[in-house]
Structure formats: structure tokens, C-alpha cells
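Here the structure comes first, spelled out in C-alpha cells, and everything after it is commentary.
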Amino acid sequence: MKRSQLLGRTLRESPQVQDPWTELALRAAIVRIIDDQVVYLPLGERVIVRLMDAMRSIHPPAQEVRLQPGFVEEGWLQFLQDEIQSYRQLPVTLFARRTVRSLEPAQGLARPPWRRALQWFRMSITGEDLRNYHDQWVQSVEALWSEVGIAPRWLEWRSNGYGWSYLHEKGPDEMLSCTACEYLGSSEVAKFRRQSDLEDNLEEMMPVATPGADTIRALADMLSVPESKTLKAVFLMGEDKHLVLVVVGGNLDVSLTKISGATGIRSLQPASEELIRSVGAEPGYASPIGLEVKESLQDKGILVIGDLSIECGVNFIAGANKPGFHMRGVNFPRDFMVTIVADVAQAKEGDGCPECGEALATTRGIYLGGWQWSSSSIQYSNEEGHNRYAQIGLGTLFVEPILAALLVEHSDNQGMIWPVGLAPFDVYLVELKCPKEAKMIVEDVEAAGLSVLHDDRKTSPGVKFTDADLIGLPIRLTVSRRSLEQGGVEFSIRGKDIRQILPLESVGESLLAVFCSIM
RNA sequence: CGGGGCGUAGCGCAGCCCGGGAGCGCACCUGCAUGGGGUGCAGGGGGUCGGCGGUUCAAAUCCGCCCGCCCCGACCA
């Protein structure tokens with residue numbers, strides 16, 4: 001490929017963006033960003049193709065399917081329920097290259113509005129089979145990380161899942177990490193220890209007049225108790241107007257992600273007041289006391305999720321479901337029911353680490369992908385003809401975030417230093433007014449099976465060398481009058497202080513030998 | 001909804017106070033020189049100055065209205 005014909009100029013001045021990977025990608029002609037939308041220039045697309053090949057090849061064969069861009073996650077289950085009827089079809093592994101829309105606001109290259117993803121979907125009859133597959137998958141991905149030279153951290157990620165994050169202060173994703181041990185979790189799903197405030201002396205439940213105290217803050221102030229002694233009741237509704245009541249300690253906030261994970265209900269939003277009143281609760285003075293609560297997920301009544309914090313305290317203040325009144329001395333489970341108790345409160349900086357109890361601190365990074373154990377499932381018929389639920393897991397790797405991590409990991413002040421195997425081309429040929437010799441070199445090197453970017457532009461040597469460093473191909477060749485006088489073409493490796501002259505006649509062979517040795 | 005700022009070449013901006021020639025940097029084009037680290041010199045193309053109206057001999061510049069973008073406030077938690 002001739003450099004003069006390659007689309008995408010390198011930028012002399014650093015574009016003003018907030019993170020180093022986007023800056024490098026713009027400077028080195030890997031991408032352009034137009035109104036948050038990413039355009040991959042030829043150099044970038046070549047890297048993406050190689051990266052996706054590397055990602056794809058980490059894993060044993062799976063049947064490949066194609067899902068159109070924007071295909072929703074839940075669609076997998078419906079699709080498989082249609083296709084899988086019998087145990088004879090199981091286990092099955094599917095693979096898909098997808099383009100998924102980011103749920104979060106776009107932010108540079110690490111979080112574009114649409115990102116490419118590779119997904120592996122495993123459906124098993126037994127939990128053991130799925131666990132084995134999962135172990136194998138995780139091992140393969142770990143091998144990929146070492147192959148491409150990054151060391152992301154393992155963390156709790158999404159609901160029912162784990163994943164990897166490349167830690168970086170400019171990363172778009174917020175996490176909580178333990179200041180003492182290895183625990184790491186995304187802000188939405190990080191676990192934490194509730195402060196325990198148990199005592200044996202359970203008070204009687206009594207109404208107390210609290211006119212105007214329709215927020216936790218006002219209630220705590222009026223009764224002169226800490227917010228943690230109150231119970232917060234949050235009403236949410238799912239897409240189909242299914243009502244969910246969440247009960248947490250008054251000092252905590254609910255995590256929608258955790259609730260989705262615990263209930264399987266997607267796209268939760270605050271419930272309307274009329275929906276709240278329709279079940280007998282009073283906005284501002286609500287609690288599960290006296291409501292018809294589901295005893296299990298299949299029962300009639302209101303779905304009530306109790307956070308772990310309701311078991312960590314006694315004698316709470318909670319709403320009386322009457323305007324202007326609360327109840328004091330409220331104790332779980334003596335005074336109210338919940339359908340399930342789960343971890344549904346949002347962890348924040350300073351909370352106790354779930355592993356060791358030390359303080360959690362905010363950390364930033366880039367999510368690269370991870371594994372999720374599906375909470376819902378599909379049915380198939382077993383050998384006896386009975387319906388059974390399959391065990392399902394989903395592994396995902398995100399292409400753009402991984403590229404962002406690679407950009408920052410494999411670069412120096414001069415630009416990229418591509419690992420062999422991911423570089424958009426193998427060789428950067430700097431030609432200084434030696435077109436004939438350059439042509440021979442290109443043919444020779446390409447015959448040896450290596451790809452060459454031939455800088456044939458009419459510009460000064462400085463420009464070409466600087467560009468060679470910025471673009472960062474593993475090998476640089478320089479052919480000039482000077483090099484010819486010294487007996488051939490100058491060879492150097494990006495990022496290393498190696499320079500030597502290779503004879504013109506055997507450049508291809510020599511490079512091939514070098515390549516085998518550094519791969 | 002209120003307050004403030006901005007709008008001039010592909011991008012970034014100056015000029016406006018104090019009215020008269022539409023400019024600068026980057027990018028682009030041409031030529032010459034240079035040839036081992038974003039080189040030098042010379043020349044060149046490119047803009048309804050956000051829109052409409054007013055004042056004036058004359059408006060990017062002053063005045064009024066409108067449009068668009070950004071920030072702050074308010075509402076909400």
C-alpha cells in the first residue's frame with residue numbers, strides 16, 4: 001500500500017479530547033469522530049479485523065449466527081426458545097459478531113454510541129457442563145489478554161456476572177475497589193457490607209404523627225434519628241406496568257441494575273402515583289406494612305424486594321400508608337413481609353468491602369467484556385419427555401474498548417507501538433528518493449508474506465520518520481542514498497534501539513526470520 | 001422560564017469598544033530549494049461575517065427583532 005494513497009492524515013497537533021486513547025487514535029489516523037460517531041479509517045479497520053480474528057480464534061468452534069445491529073439481549077432467549085425443543089440439541093454453543101448500542105452516554109473511543117461485540121452463548125443441560133464451559137471461556141480470554149499484552153482486572157460486572165476492566169483514571173466506567181484487598185466491582189453492582197445495628201430489645205409497633213415529613217431527610221430530622229433508622233420504600237414499575245416495591249435502609253439508595261438482576265424485570269422506572277395508590281400505599285408515607293405482599297414470585301399480590309439492610313437493624317421507622325403518619329418500632333419479619341430479600345442497594349465510596357470490610361474507593365476503567373449467568377431460561381424436553389429448564393451463560397467481548405486499552409498500553413510519547421499480529425501493516429518503508437529500490441523492496445517483502453506501507457510521499461524525511469513512529473508498525477525499513485552506500489536498507493524495530501543494514505537482495509527473507517523470532 | 005456568553009474560510013480564532021482595506025494560525029494547491037527526525041522561501045485558491053430589518057454617504061463593527069449552540073440559575077430528586 002502506498003502511503004500517498006492511504007486515506008487518513010496523521011495530525012501534527014494533539015486534538016483536545018479527554019482521554020489518551022482517543023487522542024492517539026485521532027492523531028495516528030486510526031479513527032475519526034464525527035458528532036460522537038466513530039469512523040474507522042483504513043488503518044483502524046485493519047487493526048479491528050486483526051483484533052477480531054484474534055478474539056474469535058481464542059475459542060473452540062461454535063456455530064456462528066448473525067444478529068442485526070441493535071438486536072436486544074433478551075432476543076437471544078426468545079430466538080433459542082423457538083429453535084431448541086429437545087435435549088438431543090444440547091449442549092449448544094453459538095457465536096455472534098454484533099453491533100450493540102451503548103446504554104450509557106457516548107464517551108470517546110472506549111465508549112462509542114455503538115460498539116462491536118463478540119458473544120458466545122452456551123446452553124447446557126447441566127450446571128456442571130455450563131461451569132466447565134465458563135471456566136474454559138474465561139481461560140481463553142485470559143490467554144487473549146496475555147497474547148495482546150494487557151492485564152485487565154477481574155470484577156463484579158452487570159447482574160449475575162463477572163468481567164474485566166482495564167484500569168485507567170480516564171476510563172469511562174466507574175467502579176468501587178477495596179483499599180485493602182483485591183475486590184473490584186462496577187458501581188452499579190458492587191456488593192458492600194451493611195452496618196449492623198442489632199439489639200434484643202424489640203419495641204412494640206406504634207403509629208407516630210409526622211405531618212409533612214414525606215421525605216426520609218425530613219422524617220429523620222423531625223424524629224431526631226439517623227436516616228439509617230428509617231426504612232425507605234421505593235415504588236418502581238417495569239415495562240408492563242408491573243409494580244415493584246423496594247424496601248431499603250433510609251440511608252441507602254436502590255440500584256436499578258441490582259433490582260433487574262434480582263427480579264429479571266428490565267427497564268424499571270419510578271411508578272406513577274396512581275399505581276402506588278391503587279395498591280393501598282401512600283406516596284411519601286409508604287411501606288409494605290399492611291399491604292398484600294407476594295409470598296413467592298408466583299403468588300398474587302405486590303412484589304416486594306427487601307434489601308439486606310432490613311435484616312441489619314431493628315426498631316425502624318417506616319411509613320404507615322396514611323398521610324402524615326409513620327410507624328415506629330417496626331421490625332422485620334415480625335411486622336411486614338417481603339417476597340425476597342436481596343442485595344439491591346447501591347454501594348458507594350466509603351462503604352465496607354464485601355470481602356474484608358475495609359473501605360471501598362472509587363476507581364475508573366474501561367469494561368472490556370465478561371460473562372453473565374442468565375437468570376431467565378428456556379425450556380426443552382428431556383429423555384422422558386418432561387419439560388426442563390436449560391442452563392444458560394453468555395460471554396461477551398467488546399471490540400472498541402479493547403482497542404482503547406491497547407492504544408494506551410502499547411504507546412509512548414512518539415505514538416503507537418503495535419504488537420506483531422495486531423499492527424495494520426507489518427512494515428513501514430521510508431523511502432527517501434529511491435523509487436526503484438523501494439519498489440524492489442516492496443515486492444520482495446510482500447513475496448515473503450508480509451504487508452508493507454510504503455511512504456512514497458514527496459515530503460521531508462522528518463515527516464516520514466515521525467509518521468512511522470506515530471503509526472507504530474513493528475518494523476521500519478529506510479531506503480536512501482545513504483543506506484545504499486552502506487550496503488542496503490536500514491532496518492529498525494519500533495520501540496527498540498536496534499538499527500542495522502540489510503542487504504537489498506534478501507530483505508524479505510531477513511524480515512521473515514526476524515518476524516518468526518519476535519512473534 | 002430568567003441571566004450570561006458565543007456565531008467571521010474545512011478547523012481554531014482575531015477584528016467589534018472607537019463604522020470606511022475581510023484578516024491570522026493550522027489544513028489545502030503551485031513553484032523553487034532541501035533531503036536522516038513534523039525543513040525553508042515565495043506565490044495561490046477558498047468566506048451570503050448566523051438571518052431579517054433599521055441608522056448612516058458607508059455596517060462584521062452601532063440599534064432592534066429572530067434563529068442556533070454553550071454555560072449558569074429555576075423546576076425536579
Side-chain angles (χ1 to χ4, degrees), chain A residues 3-18 22-24 26-29 31-36 39 41 105 212-221 227 230 232-236 246 248 250-256 268-273 276 283-286 345-346 348 411-417 428-438 441 453-473 475-502:
Chain A
R3 182 73 175 82
S4 61
Q5 301 307 307
L6 181 74
L7 181 70
R9 64 195 174 91
T10 53
L11 306 182
R12 181 192 298 229
E13 285 167 40
S14 287
Q16 304 221 327
V17 292
Q18 69 279 53
T22 307
E23 180 186 325
L24 228 196
L26 291 169
R27 280 235 293 149
V31 300
R32 291 283 105 95
I33 295 181
I34 311 293
D35 291 336
D36 279 346
V39 177
L41 293 166
D214 53 1
T215 64
I216 292 293
R217 169 72 58 83
L219 177 64
D221 286 350
E227 291 186 354
T230 68
K232 185 186 282 187
V234 179
F235 285 92
L236 300 168
V246 186
V248 298
N251 58 323
L252 301 174
D253 289 323
V254 299
S255 159
L256 294 184
L268 287 159
Q269 46 178 299
S272 61
E273 282 205 9
I276 297 173
Y285 302 89
Q346 176 103 38
K348 56 186 182 301
S411 59
D412 60 16
N413 290 337
Q414 270 59 253
M416 284 305 298
I417 308 174
Y428 195 102
L429 174 61
V430 175
E431 176 220 321
L432 302 177
K433 290 229 166 142
C434 298
K436 268 187 240 157
E437 289 82 356
I441 293 165
L453 186 59
H454 169 201
D455 198 339
D456 59 332
R457 294 173 301 172
K458 289 187 211 170
T459 184
S460 71
V463 173
K464 297 190 180 187
F465 287 123
T466 310
D467 248 22
D469 287 346
L470 225 194
I471 291 172
L473 304 183
I475 288 178
R476 190 184 83 193
L477 292 178
T478 308
V479 59
S480 65
R481 199 164 305 156
R482 186 192 295 184
S483 79
L484 292 171
E485 280 164 12
Q486 290 172 0
V489 48
E490 185 186 274
F491 159 91
S492 60
I493 295 180
R494 176 72 173 93
K496 289 188 183 158
D497 200 17
I498 299 174
R499 286 192 188 187
Q500 67 185 78
I501 298 291
L502 302 176

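The chains referred to below are lettered A, B, ... by the order of the sequence lines, with proteins before strands, and numbering in each begins at 1. Since the model is a prediction, treat every value here as computed from it, not as a measurement. Because only heavy atoms are used, hydrogens play no part in the values below, and waters and symmetry mates are left out as well, while side chains stay in.
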Could you identify the nucleotide paired to [N], looking across every strand shown and requiring Watson-Crick or G-U wobble geometry with both distances under 3.5 Å?
N	answer
G53(B)	C63(B)
A27(B)	none
G40(B)	C32(B)
G2(B)	C72(B)

Gap in Å between the two [atom1] atoms, one belonging to [N] and one to [M], rounded:
N	M	atom1	answer
C17(B)	A59(B)	C1'	15 Å
G25(B)	G68(B)	P	35 Å
C11(B)	C28(B)	P	16 Å
C24(B)	G64(B)	P	32 Å
A14(B)	U56(B)	C1'	26 Å
C65(B)	A58(B)	C1'	23 Å

| Are the side chain of R27(A) and the backbone N or O of P15(A) linked by a donor-acceptor pair below 3.5 Å? |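 No; zero donor-acceptor contacts below 3.5 Å.
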| query | Restricting to pairs with a member in residues 454-464 of chain A, which pass salt bridge (Lys or Arg N to Asp or Glu O under 4.0 Å), not counting sequence neighbours? | reply |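 Only D455(A)-R457(A), R457(A)-D467(A) qualify under salt bridge (Lys or Arg N to Asp or Glu O under 4.0 Å).
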| field | Given RNA chain B, 5'-ward residue of the pair R9(A) and L470(A), judged by closest heavy atom | value |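 The residue whose closest nucleotide sits nearer the 5' end is R9(A).
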| task | Measure from CZ on R3(A) to C1' on G38(B) and round the result to the nearest Å. | result |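 To the nearest whole Å, that distance equals 12 Å.
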| task | Could you check how far CG of D467(A) sits from P of G37(B), rounded to whole Å? | result |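 Going from D467(A) (CG) to G37(B) (P), I get 15 Å.
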| request: For Y285(A), enumerate each residue passing the ring pair (Phe, Tyr, Trp, His ring centres under 6.0 Å) test, keeping only those at least two apart in sequence or located in another chain. | output: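 Y285(A) satisfies ring pair (Phe, Tyr, Trp, His ring centres under 6.0 Å) with H326(A) only.
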| task | For E23(A) and S14(A), test the side chains for any donor-to-acceptor distance below 3.5 angstrom and give the result as yes or no. | result |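 The answer is yes; a qualifying pair exists.
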| message | I want to check one thing: is the phosphate of C26(B), taken as OP1 and OP2, less than 4.0 Å away from some side-chain N or O of R12(A)? | response |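 So the side-chain polar atoms of R12(A) never come under 4.0 Å of the phosphate oxygens OP1 or OP2 of C26(B).
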| request: Kindly point out which of U39(B), G38(B), G37(B) is positioned nearest to the side chain of S460(A)? | output: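 Given the options U39(B), G38(B), G37(B), the side chain of S460(A) is closest to U39(B).
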